[in-house]
Amino acid sequence: MKRKSIRLAALTIAVALMTTMCSRQGKVIDNQLDPVIAQTVSKVSEDSLVSYIDKLVSFHTRHSMSSQTDPERGLGAAVNWLKTRCEAYAERAEGIRPRPVVETVYYKTSSNMDREVTVPDLLVTIPGTKAEAEILVMAHIDTRVNDLADSTTFAPGANDDGSGISCLLEIVRLLSETPLEQTVKCLFVTTEEQSLGGSAFMAAKAREEGWPLIAVINNDMIGNAEASGTHLVETNVVRIFSESRSGVDSNERQLARYVKEIGERYVPGHTVKLMYRADRYRRGGDHSSFVNQGFTAVRMTEYFENYDRTHQVVREEDGIAYGDMPSGVCIPYLAKNIKVNLACVMNLADAPMAPAKAVIANAVELSNYTILRWAQVKDAKGEIDRNVSYEILYRETDQPEWQILECCKADGGDENLSTEIPLSKDNYFFAVRSVSAKGNASLPAFCR
């Protein structure tokens, strides 16, 4: 106990020294709620979510090989309805913000299918006022039953992935009326159930066309609360899966931590659980297509899954209801997960760009101090942005979440800023992020 007290006291002194040092350079930015984000998050409508899911289920099946000509059933009817709904929301932007662009993108696929077919993805681009970067949120339209090739049996897909599609629709609805600095794209993909074909096509397109994506969030099954078998219920935890191709501080892991921090800030009592895996066992998701193309992408999904519902033919056996029906979607839980998405997207869209060239400047020196250096963020004219502050982040090497050593203000005309921290680089990881005058933080730039 005595040793622990000494250690805590030493850390407290170190933090105090850092705070004093940084305060000389400018005012510390508190992590207050952005009132525009808070107000927008509060507008997520449970009634809208019910109507979205009921309508999606009404198309009987949204299988990638289902009809594209039937006006009431199949993939074509579903995509037409989604496009019409998004265009109606886009009209609300008139006089408030640049109008969102709604487009259908077609591609040919034959993976895991009995014939080649041309299928649609739907892309909604909500332009930012600065548009230096883009944030992409995605979900998949298509549904299936156990037989992957069965394109006619009733496959409601209320949760898989009607829940994710509902998330995108609410984001389009609310952000069409809310100006943001960076562009937000909402991507409705098909053939997720057939080897992630739609996302693979769009990720390759994004890479070829040079989309400036800084974050991709895939929402796939975010509305179920009860586990099959165990019947455990969880309505206050959602999982965020992230890759580790470059180690525990991969870009994907930084994005996952960001989703946790911002999501929990704006949705009190809701926990975003960091899952240090690419996805679940023997499973995959559309975020992987973007990771494979070099983009930073994560997957959000419910904490418990119900295998009696996912991909099951709708029926009742031995008192168990099978099939992915609306009754299996917990609307209040889904609403909270959508609020997490919305808060993160908005905060990131109004944040400055992340600092470049963030390094440990004295990495080769033996010292109990750590010197961090990074390039200051510049404005549209190429000049140092004096409205940007910088937060120094740190954490012990066995801890998953960042702590904040409050922050440094842009100072002087030097392109680079540096600061000396009374904490050993052997004992901690460090990062730097930029913060707007309103308190919107960028993704962390990990210092190596």
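Atom set for the values below is all heavy atoms of this structure, side chains included, hydrogens, waters and symmetry mates excluded.
The backbone N or O of S199 sits nowhere less than 3.5 Å from a side-chain atom of E192 that would complete a donor-acceptor pair. Looking only at distances, a side-chain donor or acceptor of N337 sits under 3.5 Å from a matching main-chain atom of I222. A donor-acceptor pair is defined here as one N or O able to donate and one able to accept, closer than 3.5 Å; such a pair exists between the side chain of S51 and the backbone of S48. Using modelled atom types, one side-chain atom of H63 and one backbone atom of L148 make a donor-acceptor pair closer than 3.5 Å. Under the 3.5 Å distance criterion, the side-chain polar atoms of K260 are matched with a main-chain donor or acceptor of V272. The backbone N or O of R253 lies less than 3.5 Å from a partner atom in the side chain of S250, making a donor-acceptor pair. Listed for the S67 side chain is no donor-acceptor partner under 3.5 Å among the backbone atoms of G74. In this structure, S66 contributes its side chain and L75 its backbone to a donor-acceptor pair below 3.5 Å. A donor-acceptor contact shorter than 3.5 Å is absent between the side chain of E46 and the backbone of I331. A distance-only check finds a donor-acceptor pair linking the side chain of Y266 to the backbone of D34 [under 3.5 Å].
Contact annotation: the side chain of R97 approaches that of I126 to within less than 4.5 Å [non-hydrogen atoms, C-beta and beyond]. Counting only heavy atoms from C-beta outward, the side chains of M202 and S289 never approach each other to under 4.5 Å. In this structure the side chain of T153 never reaches within 4.5 angstrom of the side chain of T61, judged on heavy atoms. Looking at N292 and R245, their side chains come closer than 4.5 Å, going by heavy atoms from C-beta outward. Using a 4.5 Å cut-off on side-chain heavy atoms (C-beta onward), S434 and M353 make no contact. Y322 places a side-chain heavy atom less than 4.5 Å from the side chain of E317. Side-chain contact between F290 and E252 is absent, with no heavy-atom pair separated by less than 4.5 Å. Residues F241 and R283 have side chains not in contact (no heavy-atom distance under 4.5 Å, counting atoms from C-beta outward).
More than 12 heavy atoms of other residues, nucleotides or ligands sit less than 6.0 Å from atom CD of E316. Within a 6.0 Å radius of CG in D318, other residues, nucleotides and ligands contribute 12 heavy atoms or fewer. When the shell of 6.0 Å around CZ of R395 is examined, it contains more than 12 heavy atoms from other residues, nucleotides or ligands. The local environment of CD in E209 is crowded, with over 12 non-hydrogen atoms from other residues, nucleotides or ligands closer than 6.0 Å. The number of heavy atoms from other shown groups lying within 6.0 Å of CD (E177) is above 12.
Across R62 and D161, no two heavy atoms sit closer than the pair NH2-N, 4.0 Å. Nearest heavy atom pair, residue E193 against residue D160, reads OE2-OD2, 3.4 Å. Contact record, A78 with I141: CB-CG2, 4.5 Å, taken as the closest heavy-atom pair. Heavy atoms only, all atoms of each residue included: Y107 and G198 are closest at OH-CA, 3.0 Å. When all heavy atoms of V238 and T301 are compared, the closest pair comes out as CG2-O, 3.2 Å. Across all non-hydrogen atoms, the minimal contact from A158 to V57 is CB-CG2, 3.9 Å.
Between the side chains of Y394 and T370, no donor N or O sits under 3.5 Å from an acceptor N or O. Judged by distance alone, the side chains of N159 and R309 never bring a donor and an acceptor atom under 3.5 Å apart. With 3.5 Å as the limit, one finds no donor-acceptor pair spanning the side chains of Y303 and T271.
Of the candidates L180, L174, I262, L180 is the only one forming a side chain to side chain contact (heavy atoms under 4.5 Å, CB included) with M346.
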Legend entry - Working for side-chain contact (heavy atoms from CB on, under 4.5 Å), residues L33 and I37: CA-CA 8 Å; L33 296 183; I37 297 177; over 6 Å; no

Inset, instruction - Check the pair K108 / T118 against side-chain contact (heavy atoms from CB on, under 4.5 Å), numbers first and verdict last. - result: CA-CA 4 Å; K108 291 183 178 181; T118 299; 3.5 Å; yes

Inset, instruction - Starting from the C-alpha separation in whole Å, work towards a yes-or-no answer on salt bridge (Lys or Arg N to Asp or Glu O under 4.0 Å) for R173 and E170. - result: CA-CA 5 Å; R173 179 177 77 86; E170 276 296 88; 2.7 Å; yes

Inset, instruction - Please lay out, stage by stage, how K438 and E181 fare under the test salt bridge (Lys or Arg N to Asp or Glu O under 4.0 Å). - result: CA-CA 13 Å; K438 296 191 302 177; E181 292 188 356; over 6 Å; no

Legend entry - Test side-chain contact (heavy atoms from CB on, under 4.5 Å) applied to F188 and V124, step by step: CA-CA 8 Å; F188 305 72; V124 181; 4.0 Å; yes

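The pair D249-R257 meets the salt-bridge criterion, since a charged nitrogen lies less than 4.0 angstrom from a carboxylate oxygen. Comment: E305 engages R239 in a salt bridge, judged by a side-chain N to carboxylate O separation of less than 4.0 angstrom.
Ring-plane geometry between W402 and F446 is classed as tilted, the angle between the planes lying from 30 to 60 degrees on a 0 to 90 degree scale. Below 30°, between 30° and 60°, or above 60°: for Y390 and W374 the angle between ring planes is between 30° and 60°, a tilted geometry.
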